[in-house]
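What you see is a predicted model, and the numbers here were worked out from it, not measured in a lab. Naming: A, B, ... by sequence-line order, numbering from 1 per chain.
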Number of protein chains: 2
Amino acid sequence: MDWKSCPAALLEPVFKALAEPSRLRILCALGTECRPVTDIIHATDLPQTNVSFHLRILREAGLVRAERRGAFIYYCLPDPELLAILQSLQLWVAAHDSLASTQDSGRY
Amino acid sequence: MDWKSCPAALLEPVFKALAEPSRLRILCALGTECRPVTDIIHATDLPQTNVSFHLRILREAGLVRAERRGAFIYYCLPDPELLAILQSLQLWVAAHDSLASTQDSGRY
DNA sequence: GCTACATATGTATGTGTGCTCATACTACGC
DNA sequence: GCGTAGTATGAGCACACATACATATGTAGC
């Protein structure tokens, strides 16, 4: 990464949005498809007001797109490439998790 | 991403660790090199105890590696691939930020 | 317009977490 | 061993944020 131009300000809201279990569950529930809020509520088993709250944060972080269809509002990921990036990060973490468990990440 | 196996539990600690401005600054200060804590303190202009606190979180999230060299403890990123992944995410965010500003991400 | 449904917003509260201070640990040089 | 530099830990405080409840907005059908 171009750490010289330290993208902290740019990436921070995205990481903040991703750092919540409920929001990750919502993204999981979304998958690659577009779904109305009701579907997400059922899939995640979270209260409606809670889902709506988190969807707003994800929306403002640019991680989901909202699209009105009649009385329903469909939410979807804005770009399949986002999935690819997150997947590579997931793979990296998984690979390093098994390494880390054999190493010393304790105190000094 | 394989959202079927919902990697929330795996990714959450990583995102939590990345969701802090101070920690992102520390990672920026680290760059691709290994540096002792003192260097990081000067680079980030954060108090020593604070840097140490965040380094621990980054260490436990597997985002930095600690290595003792005499009286110093050097910290570095565990893997250059991590940089690549974060960079692609950064690029994605940057690209979608410019789009988002032209779109409606407000309330419904 | 009224009712019903889908979704969003506002307020209050409790918990988590970052920051600061003081202090303790570790390694090196004398 | 002692002092010093480098680094880590622990306690206390303040603030941000996730949750829950009540309520408002918007859309469709009658």
note: B:I57, atom CD1; C:dG16, atom P; distance rounded to Å ~ 15 Å
Tightest non-hydrogen contact, residues B:L55 and B:V64, listed as O-CG2, 4.1 Å
Value in whole Å for how far the P atom of C:dT9 lies from CZ of A:R59
6 Å
Take the protein atom CZ of B:R35 and the nucleotide atom C1' of D:dT7, then report the distance between them rounded to whole Å.
18 Å
Indicate the atoms forming the closest heavy-atom contact of B:A61 with B:V14, along with that distance.
O-CG2, 4.1 Å
On DNA chain D, does the nearest nucleotide to B:A71 precede the nearest nucleotide to A:K16 from the 5' side, or the other way round? Give the residue.
B:A71
From CG of B:L55 across to P of D:dT9 the rounded distance in Å is 11 Å
What nucleotide among C:dC28, C:dT7, D:dT7 has an atom nearest to a side-chain atom of B:F72?
D:dT7
Main chain of B:A29, side chain of B:R35: is a donor-acceptor contact present, judged purely on distance under 3.5 Å?
yes
Could you go through residues 36-48 of chain A and list every donor-acceptor pair under 3.5 Å that involves a side-chain atom there, pairing it with any protein atom two or more places apart or in another chain?
from, atom 1, to, atom 2, distance (Å)
A:H42, ND1, A:T38, O, 3.3
A:T44, OG1, A:I40, O, 2.7
A:T44, OG1, A:L46, N, 3.4

Nearest-nucleotide pick for B:R56, side chain only, options being C:dT17, D:dT9, D:dG6
D:dT9
Does B:R23 reach a base, just sugar-phosphate, or nothing at all? Heavy atoms under 4.0 Å.
sugar-phosphate
Options D:dT7, C:dA8, D:dT9, nucleotide nearest the side-chain atoms of A:Y75
C:dA8
Are the side chain of B:R23 and the backbone N or O of B:H54 linked by a donor-acceptor pair below 3.5 Å?
no
Taking atom C1' of C:dA8 as reference, at what distance in whole Å does atom OH of A:Y74 sit?
18 Å
For B:H54 and C:dC19, is the shortest distance between a side-chain N/O and OP1 or OP2 below 4.0 Å?
yes
Atom pairs, protein N/O to nucleotides 20-23 of chain C N/O, distance under 3.5 Å:
from, atom 1, to, atom 2, distance (Å)
C:dC21, N4, B:T49, OG1, 2.8

Atom CZ of B:R68 and atom C1' of D:dA5: how far apart are they, to the nearest Å?
12 Å
Nucleotide C:dT17, atom P - distance to CD of B:E60 in whole Å:
12 Å
Hey, what else clusters with A:I57 if you join Ile, Leu, Val, Met, Phe, Trp, Tyr whenever side-chain heavy atoms sit under 4.5 Å?
A:F53
Rounded off to whole Å, could you give me the CD-to-P distance for the B:E20 and D:dC15 pair?
16 Å
If you look at every strand shown and take non-hydrogen atoms under 4.0 Å, does A:T38 touch a base, only sugar-phosphate, or nothing?
sugar-phosphate
Which comes earlier along DNA chain D counting from the 5' end, the contact point of B:I41 or that of A:S22, where each point is its nearest nucleotide?
B:I41
The test is side-chain contact (heavy atoms from CB on, under 4.5 Å); show your working for A:L24 and B:E12 and say whether it passes.
CA-CA 8 Å; A:L24 282 176; B:E12 191 202 333; 4.1 Å; yes
